[in-house]
Enquirer: 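I have a structure here, written as structure tokens, and I will follow up with some questions on it.
Just so you know, ligand 1 is whichever comes first in the structure, and atom 1 is the first atom listed for that ligand.
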Amino acid sequence: MKDPTWPALTLGLDAILQESANPEAALEKLRAAVYRCRRCALHRSKTNYVFGAGNPRSPVMFVGEAPGAEEDRLGKPFVGRAGERLTRALETLGWTRESHVYIANTLKCRPPNNRDPRPEEIRACSPYLDAQIRIIRPRVLVALGRFAAHFLLDIPMERMKLGRLRGRLHDSRYGVPVLVTYHPAATLRRQETYQSFLDDLRFLRDWIEGRDIA
Ligand code: URA
């Protein structure tokens, strides 16, 4: 069934997108729209909406899955254990999360008990991430894990083989490449993936800095 709120929401976001010469202002308007969102049931169980954070003028935009308990409590992305992992990994590149990247999630509200996002929740929330990407206009998007890769590359979840997709740039509908890598939480559960995660981030830095890639 067609979502009856869609035209109104689309119109609101179109107006915001016209401000994209000033990404900070456009993002603040979009943040206000997210903070009013009732498009799925997650707004009832969440504590805080988790919009996004970092440098909106960065050429690199990371996309995660959904807020966890710490993110929900503080209203900021990647501030729990997985966030700590991501922050440390960025530091190995000489990058900080405040200056060198922008970070957002496919969902802006925490699914209860950290369960997987549901297809209807991803669909309901998708205009917000879509608008964030169009405002920030990064040179590269980084999909952290399966749900972000699903969103950015339109790959059905049942066909998702992260091990085969990771470490390479893929074309996307945004006209910029998508680098797929592991979700930082997965590297905590499966320590053997952490080195590949760091390798992918090094590849990213070399690509963005225009270095020769071996
Ligand atoms: N995992 C995510 O995908 N996003 C967060 O913000 C935190 C944990």
Enquirer: Could you pull out every protein residue that has a heavy atom closer than 4.0 Å to ligand 1, ordered by chain and then number?
Expert: Gly64, Glu65, Ala66, Glu71, Pro77, Phe78, Asn105, His183

Enquirer: Would you confirm whether Thr193, through its side chain, and Arg190, through its main-chain N or O, come within 3.5 Å as a donor-acceptor pair?
Expert: yes

Enquirer: Determine, for Glu84 against Arg81, whether the closest basic-nitrogen to carboxylate-oxygen distance falls under 4.0 angstrom.
Expert: no

Enquirer: Can you say whether the rings of Phe78 and His183 are parallel (under 30°), tilted (30 to 60°) or perpendicular (over 60°)?
Expert: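 Tilted: the ring planes of Phe78 and His183 meet at 30° to 60°.
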
Enquirer: Kindly give the heavy-atom pair with the smallest separation between Asn105 and Val50, and that separation in Å.
Expert: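 The pair with the smallest heavy-atom distance is ND2-CG1, 4.3 Å.
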
Enquirer: With a 4.0 Å cut-off on N to O distance, would you call Glu91 and Arg88 a salt bridge?
Expert: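 Arg88 and Glu91: salt-bridged.
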
Enquirer: Name every donor-acceptor pair, under 3.5 Å, that has one atom in a side chain of residues 142-164 and the other anywhere in the protein, sequence neighbours excluded.
Expert:
residue: His150; atom: ND1; partner: Ile155; partner atom: O; Å: 2.7
residue: Asp154; atom: OD1; partner: Arg173; partner atom: NH1; Å: 3.4
residue: Asp154; atom: OD2; partner: Arg173; partner atom: NH1; Å: 3.3

